[in-house]
Amino acid sequence: MPPVVKLSVDADEVPVWRAALARAFAEAGLAVELRLAGETVAPETVSYLVYVPSGPVRDFRPYTGLKALLSLWAGVEKALANPTLPADTPLCRMVDPGMTRGMVEYLVAETLRHHLDLDARRCGPDGGWPQTAPPLAGERRVGVLGLGELGAEVARTLAGLGFVVRGWSRTPKRIEGVRCLAGAAGLDETLSQSEILACVLPRTPATENLLDARAFGLTPRGATIINAGRGELIDDAALLAALDDGRIARATLDVFRVEPLPADHPFRRHPRVFATAHVAAFTRPRSAAAVIAAQIARAEVGLELLHVVDRARGY
Ligand code: NDP
């Protein structure tokens with residue numbers, strides 16, 4: 001009997017995921033029985049749940065035969081907050097080459113926009129002609145907080161463009177062209193040496209409010225903050241205070257404590273905040289479905305699953 005794979009995503013996303021998964025399973029030569037949420041299937045017969053935490057299946061208790069929970073999201077704080085998450089079933093987060101490309105493009109675009117200060121160089125209706133040479137990348141110090149699947153590729157790409165790159169993670173890393181730092185001292189060096197700071201950390205108890213008044217006190221005066229990790233990494237009030245006193249010149253924010261960002265939130269109208277609607281990096285069905293197929297193929301022949309979440313660490 002082929003294993004039963006159940007898909008649980010938001011209703012409007014079902015057709016695209018069903019098609020992508022069917023294609024990926026066929027391309028991998030993997031025989032599975034794909035079931036959608038809402039289709040009649042005895043929960044105890046389901047081997048793999050491919051899901052998003054906002055989807056229809058939220059109570060995992062009837063799913064007693066699960067071999068793995070395969071999340072379609074990279075961030076796992078919502079998945080971990082589910083009280084019915086089975087203790088002994090591996091939870092895998094999404095590591096998708098398409099998502100990684102998206103994050104690289106978003107963070108490189110924003111880094112370059114701030115680096116070149118394109119907004120200040122615009123020829124407007126005042127007849128001005130602001131013709132000053134921008135610095136080259138080799139004269140710009142940038143920092144990347146988080147050197148995981150996404151951050152490492154961002155740091156590598158920025159270094160490839162010639163930026164002076166520091167990167168920070170929990171455990172030490174080696175990335176060509178990047179000064180990789182770890183631990184408390186490494187954080188302080190990264191903060192104090194980054195004119196542009198791009199953040200792509202997960203939300204965990206250890207990273208919440210990492211970017212607070214102390215951190216903004218360490219960054220060079222006039223630094224730019226870009227946050228594509230999670231809203232909780234930033235102390236909002238401290239960022240607004242740092243923006244208002246000029247210590248932080250500009251912020252690009254893609255993620256927020258409350259999403260959608262409330263209509264009356266000061267980030268929406270601050271002249272030096274550029275807010276986007278959690279769009280930095282989407283899971284791309286085509287490439288992500290291939291990852292899901294590969295995970296199931298591994299598990300079915302007894303190989304270890306990849307990208308299993310360490311629940312104690314929180315990512
Ligand atoms: P990974 O788990 O691959 O990498 C996480 C990185 O953060 C690792 O380098 C890890 O260090 C580091 N880290 C975690 N905790 C700490 C800590 N306490 N101190 C220092 N470093 C720490 O995750 P991804 O790169 O795949 O994704 C990162 C996050 O990006 C996701 O959790 C999600 O929140 C966010 N995201 C945002 C999206 C958007 O559209 N805005 C889209 C996708 C993801 P180490 O390597 O030592 O373990």
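Counting convention: from 1, in listed order, for ligands and their atoms alike. Numbers here are sequence positions counted from 1. Being a predicted model, the structure only gives us computed values, none of them experimental.
Residue contacts with ligand 1, taken as heavy atom pairs separated by less than 4.0 Å, involve T207 solely via side-chain atoms from C-beta onward. Contact annotation: for T171 versus ligand 1, heavy atoms closer than 4.0 Å belong to both the backbone and the side chain. Of all the heavy atoms of M99, the ones lying under 4.0 Å from any atom of ligand 1 belong exclusively to the side chain. At a heavy-atom cutoff of 4.0 Å, ligand 1 is contacted by no atom of V76, backbone or side chain. Contacts between F282 and ligand 1 below 4.0 angstrom, taking non-hydrogen atoms only, are absent altogether.
Taking atom 33 (C) of ligand 1 as the reference point, the nearest protein heavy-atom neighbour is R230 NH1, 3.6 Å. Here the protein heavy atom with the shortest distance to atom 21 (N) of ligand 1 is R170 N, 2.9 Å. Looking from atom 40 (O) of ligand 1 to the surrounding protein, the closest heavy atom is A281 N, 3.0 Å. Among all protein heavy atoms, the one lying closest to atom 35 (C) of ligand 1 is G229 O, 3.5 Å. Atom 4 (O) of ligand 1 has its closest protein heavy atom at G148 CA, 3.1 Å. The protein heavy atom nearest to atom 19 (N) of ligand 1 is W168 CH2, 3.2 Å. Atom 15 (N) of ligand 1 has its closest protein heavy atom at Y315 CE2, 3.6 Å. Protein heavy atom closest to atom 25 (O) of ligand 1, with residue, atom name and distance, is L150 N, 2.9 Å.
By heavy-atom distance, the residue among P202, S169, G231 lying nearest atom 7 (O) of ligand 1 is P202.
We find that E304 and R298 are not joined by a salt bridge, their nearest charged nitrogen and carboxylate oxygen being 4.0 Å or further apart. Ion pairing of R247 with D245 is absent here, as no side-chain N (NZ or NE/NH1/NH2) approaches a carboxylate O to less than 4.0 Å. K6 and E39 are not joined by a salt bridge, as no carboxylate oxygen comes within less than 4.0 angstrom of a charged side-chain nitrogen. Taking 4.0 Å as the cut-off between side-chain N and carboxylate O, R156 and E176 do not count as a salt-bridged pair. Salt-bridge annotation for E232 and R257: absent, with no side-chain N of the basic residue lying under 4.0 Å from a carboxylate O of the acidic one. Ion pairing between a basic and an acidic side chain is recognised when a charged N comes within 4.0 Å of a carboxylate O; R250 and D119 show no such pairing.
The closest approach between a heavy atom of H307 and any atom of ligand 1 is not below 4.0 Å.
For ligand 1 and K173, the ligand atoms under 4.0 Å from any heavy atom of the residue are 45 (P), 46 (O), 47 (O). Atoms of ligand 1 found under 4.0 Å from any heavy atom of A74, numbered from 1 in the order shown, are 43 (C), 44 (C). Every atom of ligand 1 is numbered from 1 in the order shown, and the set under 4.0 Å from a heavy atom of R93 is 1 (P), 2 (O), 3 (O), 23 (O), 24 (P), 26 (O). Taking every non-hydrogen atom of L201 and a distance limit under 4.0 Å, the qualifying atoms of ligand 1 come out as 7 (O), 12 (C), 13 (N), 21 (N), 22 (C), 29 (C), 34 (O). For ligand 1, the atoms lying closer than 4.0 Å to a non-hydrogen atom of A206 are 18 (N). Of all the atoms in ligand 1, the ones that sit under 4.0 Å from a non-hydrogen atom of A280 are 39 (C), 40 (O), 41 (N). Per-residue contacts place V200 under 4.0 angstrom from the following atoms of ligand 1 (heavy atoms of the residue considered): 28 (C), 29 (C), 30 (O). Using a 4.0 Å cut-off to heavy atoms of D254, the atoms of ligand 1 that qualify are 39 (C), 40 (O), 41 (N).
Between L147 and ligand 1, at least one N/O pair is under 3.5 Å apart. The shortest N/O to N/O separation between T204 and ligand 1 does not fall below 3.5 Å. Considering backbone and side-chain N/O of E77, none are found under 3.5 Å from N/O of ligand 1. Where the criterion is an N or O separation shorter than 3.5 Å, residue side chain and backbone included, A228 meets it with respect to ligand 1. Backbone and side-chain nitrogen or oxygen atoms of E149 are examined, and one is located within less than 3.5 angstrom of a nitrogen or oxygen of ligand 1.
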**Asked** Between D96 and F282, does a side-chain contact (heavy atoms from CB on, under 4.5 Å) hold up when you go through it step by step?
**Response** CA-CA 9 Å; D96 162 29; F282 288 84; over 6 Å; no
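From T224, atom OG1 reaches atom CZ of R140 across 7.5 Å, with rounding to the nearest 0.5 Å. Atoms CG and CD1, from L21 and I296 in turn, are 7.5 Å apart once rounded to the nearest 0.5 Å. The OG atom of S71 lies 6.5 Å from the CG atom of L91; values are rounded to the nearest 0.5 Å.
Remark: H115 engages F163 in a ring pair (Phe, Tyr, Trp, His ring centres under 6.0 Å) (not counting sequence neighbours). When the ring pair (Phe, Tyr, Trp, His ring centres under 6.0 Å) test is applied to Y51, the partners found at least two apart in sequence or on another chain are F60.
Judged by a 6.0 Å distance limit and a 45° cone about the ring axis, R230 is not positioned over the six-membered ring of F256.
Looking at W17 and I292, their side chains never come closer than 4.5 Å, going by heavy atoms from C-beta outward. At least one side-chain heavy atom of Q295 sits under 4.5 Å from a side-chain heavy atom of C92.
Taken together through direct or relayed side-chain contacts under 4.5 Å among Ile, Leu, Val, Met, Phe, Trp and Tyr, L239 and L187 form part of one hydrophobic cluster.
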